[in-house]
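Just so you know, these numbers come straight off a predicted model, no measurement behind them. Residue numbers start from 1 in every chain, and the chains themselves are labelled A, B, ... in the order their sequence lines are given, proteins ahead of strands.
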Amino acid sequence: MSLLLAQAAVNDANIHFDKLYSYRIPAELAGRVFPGSMVLVPFGRGSKARMAVVLAVGEVDESDAPKGLKTLYDAAPEDARLTPDLLELVRFLKERTFCTWFEAVKAVIPYGAQYRPAVVDGRHVMQGRLTRSTERLYTLAGALPEKPKPGPRQLAAVAALQNGPLTARQLDEVGISRATLDGLVKKGVLTAAEQDKAIDLFAAIPFDPQPLELSPEQQQVFNDLLPNLEDARPHAALLHGVTGSGKTIVFLRLIQRTLELGRRALVLVPEISLTPQMIRRLKSTFGSRLAVQHSALNNTERLLQWRMIQQGNADIVVGTRSAVFAPLQNLGLIIMDEEQEHTYQSESAPRFDAHDVAKKRAVMENALLLFASATPLTETYHAAESGKLQLVQLTHRYGGRPLPSVDFIDMRAELAAGNPREVSVRLARELQENLDNGEQSILLLNRRGYRTIGMCTTCGHVLKCPNCSVPLVYHKPQQALLCHHCGHTVHPLPQTCPECGGKISYSGFGTQRVEEELAELLPGARILRMDQDSTSRKDAHETMLAQFARHEYDILLGTQMVAKGLDFEKVTLVGVLGIDSLLFGQGFRAYESVFSLITQVVGRGGRAALPGRALIQTSVPDHPVLQLAAAQDYKGFYREEITFRRFSLYPPFCSFVVVGFIGDQEGAVFIAAQRFGALLGQHAAQKPNIPLRILGPAPMNITMLNNKFRYKLTLKCRNDAAFRALLHETLDAYDAEKLPQKASVILDFNSDGDL
DNA sequence: AGCACGCCGACT
DNA sequence: GTCGGCGTGCTC
Ligand SMILES: [Zn+2]
Ligand SMILES: [Zn+2]
């Protein structure tokens, strides 16, 4: 007698017990379980229900069935099954990032398409239907009775619904409350139904194709890329184009050609705020067979967009990092815009780099992969220079607009001259001038440098989170101190130092601090603050930028590249504050990211109708990185940077891997890390041709997080199959010595210094 | 990671 | 005698 077995990997595993577990497939699930199926399994002592993914199905004889075999609880519907392509991407993620099977599965399927466990009549089953975001829809179903005499709200409701059903939200906006509506439902005048809440934010964009006319230089780039787009083999290229050189129009022509060839296109952008402009461009040019994938969509919106892609109803997909997994068939072109942005690297498991996944997909689909940037990653440019990528360049600014003038403001001199403020005298003066002339200004703050913390005025003690070794951050609205890592809250604000009893001062740095200074220096200026807090709503970003464009504000104060890719006619001044902490931050990418930021600020600056200027506040105005950025000299920067990378052994001359160790007791964590390093060295020595340097163990930047101690080893290596096999051997040896109970291991292949 | 099983101290 | 301390080991 034989029986059917499913090999499955469970949810919420970690690297130390993420393996394939065998389950019996019960008769009622026969024919419904295949590789890629999502199933519900009993797991652990208490046989608690967990989601799992099936990776293999097989038949074995009853006699050699594994001992202690359990039976699947349930399976998700067929439409939730991972396609062979998605399974291949799951395998790829696991192999390259050392994540668990299920972490990889969760990365390739949007949240809204993931089935969850449920309990029905005390039995563990898969939920019958995916959880959706819904809203209530009211429809007119009968006449309003004459008596009792209907109220004015009721009459208004019926009148509003005369032309068709409306949602609760739409009715609320015209002043008709839930109570009125539900009263009418009870009377039988209206019916209510739950419908999917999916706003098509872009429904209003008209199909209005403009001729795509290329400049001679743009045409040359297009011509150079075309053979590789039309070829049936995979290709990869880098489009290095200075800011304002019109990369987007080249994208549009390439997409147009891709569609003509009967193939599909994927466009990746680094952040959600850049999707609307890209969608607008694409939709007006190519029409509505376009789908979007990013994390600001709700469950339903994501699911609907994903289904649209899966069913072949989208020819173009636009999205952020995770859109690289969009299940487009017959993919001919992948564009990764602003490829230098760090947001293409995932910071939580699976810690993948979208560059690598995009390369993998281009190979799977025989597509052209195009990285585009004004300031490419040093690794990317090096790959292009050494012939691994095709290199095409746009060197002319479109429309011939001049670059803004760039000035550095020496903040040491500022302090010496007696100005303790965050805003320099010169910047304040120029802001005032802009205000007087009716022109607009943008101020960019580096987030890291701008947090307000509590510090003792007597002994200098900084108030820290009791669970994590990080300073607590002052939040004005709640009048509280918050830990940005674990959420620990201290309220009310401590006034005295726990160390010496001195007075605590909260006059540190911060967006709010700058805002206060500006209010004081420029009374009457209308300041728009854009940061994580103020832009959390889905369309807030767009709304605020539109307000700024209409000149409803004078100064835009942003913590990120808020104004990326946008042209504001009246912006003639851009100020950059807090760049020093970025410049001197740890991590081998520090210079690269500062160079990219300043280059973009300067490159954007000259886009207004009026001549522009950029003011950069720094304590090191002569720093070569700043000078090269001001001159828009990417190649000069690259030559310096590649020399540094070669000399100090950093990527692209090695792979940089951080191995993290996390556990309850500091000593044990350190010992485990040290032992891992020793094991790794021993195993490496037994193999030929494994270049490897092991640094550490050292405490991580954030030594304690959520009451757990964190140490790291830093590896400089060649990340090939042999090296990854070595890591697996080392992990096995680590497990065999029962070290996971001292510290669990996390691997990060795209860190630039810490986890 | 959870979670049970197990073998030693202080409590009725 | 037993209640519970968290050390140890397993998860199909
Ligand atoms: Zn003190
Ligand atoms: Zn904390």
Side-chain angles (χ1 to χ4, degrees), chain A residues 1-27 29-30 32-75 94 97-106 116-117 119 124 126 348-351 467-468 485-486 659-669 671-673 675-676 704-711 731-748 755:
Chain A
M1 192 57 201
S2 70
L3 77 168
L4 278 174
L5 289 188
Q7 309 269 338
V10 297
N11 190 15
D12 285 322
N14 70 26
I15 192 170
H16 304 295
F17 68 103
D18 182 46
K19 48 179 188 171
L20 299 186
Y21 295 93
S22 302
Y23 288 90
R24 177 199 302 269
I25 301 174
L29 294 178
R32 283 181 52 196
V33 179
F34 303 96
S37 293
M38 305 302 288
V39 292
L40 194 64
V41 301
F43 193 75
R45 309 264 182 180
S47 282
K48 286 187 126 187
R50 279 202 201 197
M51 287 299 300
V53 61
V54 175
L55 286 140
V57 172
E59 216 171 328
V60 291
D61 203 74
E62 196 97 50
S63 54
D64 43 38
K67 73 268 177 236
L69 196 64
K70 293 182 184 178
T71 304
L72 296 181
Y73 280 141
D74 200 359
K94 172 159 166 70
T97 74
F98 284 65
C99 65
T100 68
W101 287 106
F102 213 84
E103 281 166 347
V105 168
K106 286 192 277 195
R116 298 209 273 266
V119 177
H124 294 290
M126 199 70 80
S348 57
R351 295 175 166 76
N467 309 323
C468 316
H485 293 281
C486 73
V659 190
F661 299 85
I662 298 169
D664 298 322
Q665 282 158 294
E666 186 163 16
V669 174
I671 287 166
R675 184 69 190 137
F676 186 99
M704 214 220 293
L705 192 67
N706 281 311
N707 282 316
K708 302 241 182 213
F709 290 93
R710 297 145 52 89
Y711 275 74
L731 280 167
D732 288 345
Y734 185 87
D735 282 2
E737 295 189 9
K738 304 190 196 314
L739 291 167
Q741 58 191 248
K742 287 190 165 55
S744 61
V745 176
I746 291 177
L747 286 130
D748 189 343
L755 277 187

What is the separation between atom [atom1] on [X] and atom [atom2] on [N], rounded to the nearest whole Å?
{"X": "A:D18", "N": "C:dC10", "atom1": "CG", "atom2": "C1'", "answer": "15 Å"}
{"X": "A:K742", "N": "C:dG9", "atom1": "NZ", "atom2": "C1'", "answer": "14 Å"}
{"X": "A:F43", "N": "C:dG9", "atom1": "CZ", "atom2": "P", "answer": "18 Å"}
{"X": "A:L20", "N": "C:dT11", "atom1": "CG", "atom2": "P", "answer": "15 Å"}
{"X": "A:Q741", "N": "B:dC3", "atom1": "CD", "atom2": "P", "answer": "18 Å"}
{"X": "A:E737", "N": "C:dG9", "atom1": "CD", "atom2": "P", "answer": "14 Å"}
{"X": "A:D735", "N": "C:dT8", "atom1": "CG", "atom2": "C1'", "answer": "15 Å"}
{"X": "A:K70", "N": "C:dC10", "atom1": "NZ", "atom2": "P", "answer": "15 Å"}

By the 4.0 Å heavy-atom rule, please label [X] as base, sugar-phosphate, or nothing.
{"X": "A:D12", "result": "nothing"}
{"X": "A:F17", "result": "base"}
{"X": "A:P740", "result": "nothing"}
{"X": "A:K738", "result": "sugar-phosphate"}

Subject >> Residues within residues 45-58 of chain A bordering DNA chain C, heavy-atom distance below 4.0 Å >> reply: A:R45

Original post:
Taking atom types as modelled, is there a side-chain donor on A:N467 or A:N706 under 3.5 Å from an acceptor on the other?
Top reply: no

Subject >> Phosphate-side-chain proximity, A:Y23 and C:dC12, N/O vs OP1/OP2 below 4.0 Å >> reply: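 Yes, A:Y23 has a side-chain N/O under 4.0 Å of OP1/OP2 on C:dC12.
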
**OP:** Identify the two heavy atoms, one from A:L69 and one from A:S22, that lie closest to each other, and give their separation to 0.1 Å.
**Re:** CD1-O, 3.4 Å

**OP:** List the atom of A:D18, the atom of A:A13, and the distance in Å for their closest heavy-atom pair.
**Re:** OD1-CB, 4.0 Å

**OP:** Would you check, one step at a time, whether the test side chain to side chain contact (heavy atoms under 4.5 Å, CB included) holds for A:L739 with A:F676?
**Re:** CA-CA 9 Å; A:L739 291 167; A:F676 186 99; over 6 Å; no

**OP:** State which of B:dA1, C:dC12, C:dT8 makes the closest approach to the side chain of A:L69.
**Re:**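 In terms of side-chain proximity for A:L69, the closest of B:dA1, C:dC12, C:dT8 is C:dC12.
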
Original post:
Considering only C:dT8, C:dC12, B:dA1, which nucleotide approaches the side chain of A:K19 most closely?
Top reply: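 Side chain of A:K19 sits closest to C:dC12.
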
Determine all donor-acceptor pairs shorter than 3.5 Å in which one atom belongs to a side chain in residues 40-48 of chain A; sequence neighbours excluded.
residue	atom	partner	partner atom	Å
A:S47	OG	A:K70	NZ	2.8

Original post:
Quick one: CG on A:L72 to CG on A:L5, what's the gap to the nearest 0.5 Å?
Top reply: 9.5 Å

Original post:
So, A:H16 side chain and A:V745 main chain: donor-acceptor pair closer than 3.5 Å or not?
Top reply: yes

